[in-house]
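For reference, the structure is listed below as structure tokens.
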Amino acid sequence: MPVVTKETADLVVRSFADYHIFGLDLETTGLNPYTGAKLFSLIISTADEDYYFNFDGTPDHLGNLAPYNTVLPLRLLPYIITALKGGTVFIHNAKFDQKFLLVEEVLALNSCRVICTYALGRLVNNLLISYSLDALGKLIGYEKDDSVEKYITKHKLYTKVDVGKKSPRKDKHYNLVPFDIISNYGMRDGRVCYELGIYILTRLEEMSEEQIKLGLLPLMPVVEREIELTPVLLDMEHTGIKINRAYTREAYEYQKDQYQEIEQKFYALTGLDFEDGRKTLTAAFKKMGLEHGYTEKGNPSFKDELLPDNTLGNLIRDWRHSYKLATTYYKNFLDIADDNDVIHCNFKQGGTSTGRFSCSEPNLQNVPKHGEDSNKYPVRSCFIPREDYFFLMVDYDQMEYRLLLDLAGEEEIINKIKGGLDVHTATAEEMDVDRFAAKTLNFMLLYGGGAQKLANALGTNLQDAKAKKNKYFRTLTKVKSIVNALINTVDRRGFVTNRFGRRLQKPVEGSYKIPNHFIQGGCGDIVKIAMVEVAKLLRPYKSRMLLQIHDELLIELHKDEKHLVPKIVKAMQGAYKEISLPLTAGTDYSNTNWYDKEPYNEK
DNA sequence: GAACAACGCACC
DNA sequence: AAACGGTGCGTTGTTC
């Protein structure tokens, strides 16, 4: 396992011309390249060897330096990466490594076929517990190597950073780990990446063949699309979304004042220091002589719907509201934004079992909308378009229901929708109930809910709920049969494939979940197709996608490129052409922020 | 002191 | 027989 030296570097790099497949890994000083973390080594694995390129000439925590002749100048980086040109490069969580290269202005991976083993691992089996390199490596016989993590913990090679939360953030310093340990660890990860990539691709091709033999759609187009999506997501994240720092800070201070004031009131009322936990709240209710609810397990429960509508209950409610906004949103945004006030989130390409993305650091897919709950500082107002740009938000109309109706072939309802009715109203008309009941029933169906939950949601008794459910399936007979067919298939075969060839495994102890997975995943695939198309469309322009929120795209559109709007909408609406009812999308825009939006057509 | 479960709440 | 789906992240509280 060779560490590359000044003497061998040139020879090693030139030998890459003999290979077409590589594993790649980086070691970095921290996790966020936009707030100062740097790469300090590069590992390239070929079929025959693992090479460790070290760029770190600084001492480890013991004061020791890497051997002098192993310290390469960082300017070699483009030269090394360029040598991979045209090759296939397996990287676990590829966007992470690519961002570190991008901030060093190394673009050479663009001319490679980068394959993210995290994204593709999810396609091999969508229901694994973990898709970490350790977990996936185990599938091909590599035991977990936690030597570096252990070393960091043992020698406390981390800094605790106070970010205003109750628990400080721990920044680990991988560059302080002794050279022998980090280099061997790195080269092993490069090897695992390489072998894992080969394994995953082989397995996916087998699975695809298997699906074809069963008369199902092939898997490989899904695989190919995920590969195409990696650079699309990378662009989105690297561009990032700008925040209004002054506004966000003001909002944070305001909400902090709010919840601190509530803490004072709580103390005055109960004589207790406020904590949002069972102990304190139970004591507070006891002191006030008030009743509270219980969880299913019989523990005291203080969740919103069980909190009484009295002074104490409302104090807790208001505290939580302010505290949530202050910490999860405003404070987190301030902390995570870079020096240009830009937030670079992480769209996790293998983040869900159904095929959606998830989003983290921060999660920009759960930013409050503030419908009924008024807020002096709407959270979405934190996000602003850059100079000469405006926000364009395009979201699909009732996407999941439409896909379900299409899948089932419920012609009567489909015709009503084609005639201009909204999905829930059409359902309501068809089965002769009010719109609210129809909408609730549609929801229940999509989530596999039972009669009891339906009764709760409708505010009726169990019997009535059962009757409504029966009526629903008596009317929407085709929906009923497709739901049953999916459950039967997954029970018999252990998996189903959706309309795009994506494979969904049988949920453990819960085949009833499969219709939901099927529809949710189908929508995920449609949006992914749309994103690839929109990315292609925007490539020659300044306008760019910033966020995906499941059925919605947030695009930063340049003011000179308004002619692109209809093309974007068309690309989205046409992402699933075989659908038997229109897949429409609504368009809003904003010149100011993500909250204050207006319909685009009325402009 | 760290790791884990449970809870609670923001989104689609 | 019934089962409300998919996330991320902050907290408290328990356990080792």
Side-chain angles (χ1 to χ4, degrees), chain A residues 126-127 149 153-154 156 158 160 163-167 169-170 274-282 293-297 299-307 316-317 319-329 331-332 336 345-348 350-371 373 375 379-380 395-396 398-401 404 440-458 462 465-466 469 487 504 507-521 523-524 527 547-552:
Chain A
N126 68 313
L127 292 181
E149 290 297 324
T153 307
K154 187 177 171 190
K156 295 196 165 36
Y158 49 77
K160 288 184 176 177
V163 287
K165 294 174 199 169
K166 298 253 162 128
S167 54
R169 191 184 70 210
K170 244 188 210 177
F274 184 81
E275 280 207 66
D276 189 12
R278 282 195 292 278
K279 279 186 178 172
T280 301
L281 296 185
T282 307
Y294 290 88
T295 64
E296 283 183 13
K297 288 181 178 172
N299 296 322
S301 173
F302 300 95
K303 67 167 129 174
D304 195 75
E305 68 205 68
L306 294 181
L307 279 177
I316 296 167
R317 243 188 285 275
W319 183 91
R320 281 181 184 158
H321 185 69
S322 289
Y323 196 76
K324 177 83 174 167
L325 295 176
T327 56
T328 304
Y329 300 107
K331 187 71 183 78
N332 206 15
I336 216 160
C345 68
N346 173 28
F347 284 105
K348 293 161 85 168
T352 74
S353 53
T354 56
R356 279 182 175 178
F357 299 132
S358 70
C359 181
S360 66
E361 303 152 275
N363 182 359
L364 295 182
Q365 289 181 323
N366 74 346
V367 180
K369 288 160 68 95
H370 302 300
D373 66 324
N375 182 3
V379 183
R380 292 195 176 196
D395 67 312
Y396 287 102
Q398 305 130 340
M399 193 182 199
E400 293 194 319
Y401 305 106
L404 175 68
T440 310
L441 280 157
N442 276 333
F443 253 106
M444 284 298 122
L445 166 72
L446 229 41
Y447 295 155
Q452 185 55 60
K453 296 283 180 187
L454 178 63
N456 296 346
L458 286 173
L462 190 59
K466 276 183 180 164
K469 199 175 168 187
I487 293 172
L504 300 157
V508 182
E509 300 293 319
S511 298
Y512 74 94
K513 292 177 181 173
I514 205 68
N516 174 268
H517 290 192
F518 194 93
I519 298 297
Q520 193 186 116
C523 291
V527 181
L547 301 178
Q548 185 250 46
I549 307 101
H550 307 305
D551 64 350
E552 174 186 354

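In what follows, every chain begins at residue 1, and chains take the letters A, B, ... in the order their sequences are listed.
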Roughly how far, to the nearest 0.5 Å, is OG of Ser353(A) from NE2 of His517(A)?
4.5 Å
With a 4.0 Å limit, can you tell me whether Arg356(A) has a side-chain N or O closer than that to the phosphate oxygens OP1/OP2 of dT7(C)?
no
Regarding Glu400(A), tell me which of base, sugar-phosphate or nothing describes its non-hydrogen contacts under 4.0 Å with the strands shown.
nothing
Upstream residue (5' side of DNA chain C) when His517(A) and Ala451(A) are each assigned their closest nucleotide:
Ala451(A)
Spacing of Glu361(A) atom CD and Asn332(A) atom CG [to the nearest 0.5 Å]:
9.5 Å
Once you apply a heavy-atom cut-off of 4.0 Å, does Cys523(A) come out as touching a base, just sugar-phosphate, or nothing?
nothing
If you look at every strand shown and take non-hydrogen atoms under 4.0 Å, does Leu446(A) touch a base, only sugar-phosphate, or nothing?
nothing
Heavy atoms under 4.0 Å, any strand shown: does Gln452(A) hit a base, just sugar-phosphate, or nothing?
sugar-phosphate
How many angstroms lie between atom CG of Leu454(A) and atom CE of Met444(A), to the nearest 0.5 angstrom?
6.0 Å
Pull out every protein N or O sitting under 3.5 Å from an N or O of nucleotides 2-4 of chain B, one pair per line with the distance.
from: dA2(B); atom 1: OP1; to: Lys170(A); atom 2: NZ; distance (Å): 3.2

So does Tyr323(A) get a side-chain nitrogen or oxygen closer than 4.0 Å to the phosphate oxygens (OP1/OP2) of dT11(C)?
yes
Nearest of dC9(B), dC11(B), dC12(B) to any side-chain atom of Lys303(A)?
dC9(B)
Candidate nucleotides dG8(C), dC12(B), dC4(C), ranked by approach to the side chain of Lys453(A) - the nearest:
dC4(C)
In whole Å, I'd like the distance from the CD1 atom of Ile549(A) to the C1' atom of dG8(C).
15 Å
Using a 4.0 Å heavy-atom cut-off, does Phe357(A) contact any base of the nucleic acid, only the sugar-phosphate backbone, or nothing at all?
nothing
Just by distance, with hydrogens left out, do Thr280(A) and Glu275(A) show a side-chain donor and acceptor under 3.5 Å apart?
no
Which nucleotide wins on minimum distance to the side chain of Lys279(A), given the candidates dC12(B), dC11(B), dG13(C)?
dG13(C)
C1' spacing across the pair dC4(C) / dC12(B), given as an integer number of angstrom:
14 Å
Rounding to a whole Å, what distance do you find between His321(A):NE2 and dT11(C):C1'?
18 Å
Does the side chain of Ser358(A) get closer than 4.0 angstrom to OP1 or OP2 of dG8(C) through an N or O atom?
yes
Heavy-atom donor-acceptor pair, Arg278(A) side-chain to dC7(B) base, under 3.5 Å
no
Reckon Ser353(A) has a side-chain N or O less than 4.0 Å from the OP1 or OP2 of dT7(C)?
yes
The side chain of Lys348(A) is closest to which nucleotide in this list: dG8(C), dG5(C), dG8(B)?
dG8(C)
Is the phosphate of dG10(C), meaning OP1 or OP2, less than 4.0 Å from a side-chain N or O of Lys331(A)?
no
Where is the tightest heavy-atom contact between Gln548(A) and Val527(A), given as atom of each residue plus distance?
NE2-CG1, 3.5 Å
Under 30°, 30 to 60°, or over 60°: which ring-plane class applies to His321(A) and His370(A), parallel, tilted or perpendicular?
perpendicular
Establish whether the base of dC9(B) is bridged to the side chain of Lys324(A) by a donor-acceptor pair shorter than 3.5 Å.
yes
Closest nucleotide among dT7(C), dA10(B), dG10(C) to the Asn332(A) side chain:
dG10(C)
For a quick check of understanding: with a heavy-atom distance under 4.0 Å over all strands, which category does Phe302(A) fall into, base, sugar-phosphate or nothing?
sugar-phosphate
In DNA chain C, consecutive runs of at least three Watson-Crick or G-U pairs below 3.5 Å, as range with range, amount to B:1-12 with C:5-16
Shortest non-hydrogen contact from Pro507(A) toward Ile514(A)
CD-CD1, 3.8 Å
With the side chain counted from C-beta on, respond yes when His550(A) and Cys523(A) share a heavy-atom pair under 4.5 Å apart, and no when they do not.
no
With respect to the phosphate group of dG10(C), does any side-chain polar atom (N or O) of Tyr329(A) fall under 4.0 Å of OP1 or OP2?
no
Do side-chain atoms of Asn346(A) reach the backbone of Cys359(A) as a donor and acceptor pair under 3.5 angstrom?
no
Per Glu361(A) side chain, nearest of listed nucleotides dG6(C), dG8(C), dC9(C)
dC9(C)
Of the listed nucleotides dC12(B), dA10(B), dG10(C), the one nearest the side chain of Thr327(A):
dG10(C)
CG/Leu504(A) to NZ/Lys513(A) distance, rounded to the nearest 0.5 angstrom?
13.0 Å
Could you check whether Val379(A) gets within reach of a base, just the sugar-phosphate, or nothing at all, counting any heavy atom under 4.0 Å?
nothing
When you measure from the side chain of Thr352(A) to the backbone of Gly355(A), do you find a donor-acceptor pair of N or O atoms at a distance under 3.5 Å?
yes
